[in-house]
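Down below is the structure, laid out as structure tokens.
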Amino acid sequence: MDWQGQKLAEQLMQILLLAFAVVAFATGYAFGSFQTMLLTYTSGVVVTALITVPNWPFFNRHHLKWLDPSEAEKHPKPQTANSSSRKKASKK
Amino acid sequence: MHSFVYRANALLTFAVMVLAFMCAMASLSDNLNSLSPSAQLQVLNVNWFQKSTQGNDEVSMTLNISANLQSLFTWNTKQVFAFLTAEYETPKNSLNQVSLWDGIIPSKEHAKFSIHTTNKYRFTDQGCNLLGKQYNLTLHWHVMPKTGKMFADKLVMTGFRLPEEYR
């Protein structure tokens with residue numbers, strides 16, 4: 001997943017779980033059954049897991065822009081040992 | 001959110017915390033229940049009244065316990081534990097409480113009952129104080145929840161008296 005995808009996955013997970021919790025509590029209270037609440041919530045957790053945990057394509061829409069290798073070669077790392085190499089050359 | 005395992009862990013942890021919150025809410029919703037239990041107790045007969053081998057008074061009686069505890073049940077109730085005690089005063093103790101009968105009520109359908117029974121547990125005194133004793137019969141109940149706080153209450157019925165002589 002890319003960075004935007006990760007943020008989306010986390011937000012989706014929190015919102016979905018809270019929504020399923022509210023729905024589960026309401027149905028359990030209305031039906032007067034504790035078991036109904038638990039079953040609704042468990043199925044909600046499974047659905048949320050299926051949506052947010054696997055690496056779906058819609059989490060990868062904003063691709064990370066790595067630096068192109070050919071571009072990197074044009075700008076080599078600066079040499080810090082220049083003065084010491086010149087001294088060696090003059091001695092020879 | 002960087003890997004499959006990370007996201008699965010975050011999801012499960014959050015799910016469990018939200019579940020704990022839901023259970024707390026369920027327990028708080030029990031306070032909205034309006035209670036109206038009722039009960040009636042009768043001592044039909046004192047079967048025998050003797051001194052045991054240890055020298056303590058002991059009574060056996062036949063009781064009729066009828067109660068309607070249906071209003072105590074909510075969606076968050078696992079069971080109701082009800083027990084009947086005889087309470088009286090002696091010179092040695094200001095309160096003696098002897099448990100005579102108990103029962104577990106597993107659901108609302110069973111909560112309206114009428115039981116005709118001898119006392120399940122011995123009605124024994126610490127000593128010989130029971131001759132002609134006035135006592136109260138108290139029905140206690142503990143409402144045990146599926147999650148959260150347990151509520152307990154009681155109903156006191158006065159005006160019972162033991163016989164003046166052994167039989």
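- Interface remark: A/Phe31 contributes no atoms to any contact with chain B (heavy atom separation under 4.5 Å).
- Within 6.0 Å of CE on B/Met17 lie no more than 12 heavy atoms contributed by other residues, nucleotides or ligands.
- Closest non-hydrogen pair, A/Phe25 versus B/Met25, comes out as CE1-CB, 3.7 Å.
- Atom CD of B/Gln50 has more than 12 heavy atoms from other residues, nucleotides or ligands within 6.0 Å.
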*Report the C-alpha separation of A/Val45 and B/Leu11 in whole Å, then their side-chain angles, then the decisive distance to 0.1 Å, and conclude whether the side chain to side chain contact (heavy atoms under 4.5 Å, CB included) test is met.*
CA-CA 8 Å; A/Val45 169; B/Leu11 180 134; 4.1 Å; yes

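- Heavy atoms from other residues, nucleotides or ligands lying under 6.0 Å from NZ of B/Lys120 number more than 12.
- Panel note: side chain A/Tyr41, backbone B/Ala15; a donor-acceptor pair is recorded below 3.5 Å.
- The distance from the CZ atom of B/Phe14 to the OG1 atom of A/Thr48 is 10.5 Å, given to the nearest 0.5 Å.
- In terms of hydrophobic clustering, with Ile, Leu, Val, Met, Phe, Trp and Tyr side chains grouped at heavy-atom distances under 4.5 Å, B/Trp141 and B/Phe151 are assigned to a common cluster.
- Closest non-hydrogen pair, A/Ala21 versus B/Met22, comes out as O-SD, 3.3 Å.
- Looking at A/Gln35, neither its backbone nor its side chain comes within 4.5 Å of chain B, counting heavy atoms on both sides.
- The part of A/Leu38 that comes within reach of chain B is its side chain, from C-beta onward, which places non-hydrogen atoms under 4.5 angstrom from that chain.
- Using bins of under 30°, 30° to 60° and over 60° for the plane-to-plane angle, the ring pair A/Tyr29/B/Trp75 lands in the perpendicular bin.
- In terms of hydrophobic clustering, with Ile, Leu, Val, Met, Phe, Trp and Tyr side chains grouped at heavy-atom distances under 4.5 Å, B/Ile115 and B/Leu84 are assigned to a common cluster.
- For the atom pair CZ (B/Arg7) and CG (A/Leu12), the distance works out to 12.0 Å, reported to the nearest 0.5 Å.
- Follow the hydrophobic side-chain contacts under 4.5 Å out from B/Ile104 and you never reach B/Leu139; the two are in separate clusters.
- Linking ILVMFWY side-chain heavy atoms closer than 4.5 Å, directly or via other members, places A/Leu50 and B/Val5 in two distinct hydrophobic clusters.
- Across B/Cys23 and A/Phe34, no two heavy atoms sit closer than the pair SG-CZ, 4.4 Å.
- The CE atom of A/Met13 sits 9.5 Å away from the CG atom of B/Leu12 when rounded to the nearest 0.5 Å.
- Residue contact with chain B, scored on non-hydrogen atoms closer than 4.5 Å, involves the backbone of A/Ser33 exclusively.
- Applying the 6.0 Å contact sphere to NE2 of B/His140 captures more than 12 heavy atoms from other residues, nucleotides or ligands.
- In this structure, A/Trp56 has its ring center at least 6.0 angstrom away from the ring center of B/Phe4.
- Heavy-atom neighbours of A/Trp66 CH2 from other residues, nucleotides or ligands within 6.0 Å: at or below the threshold of 12.
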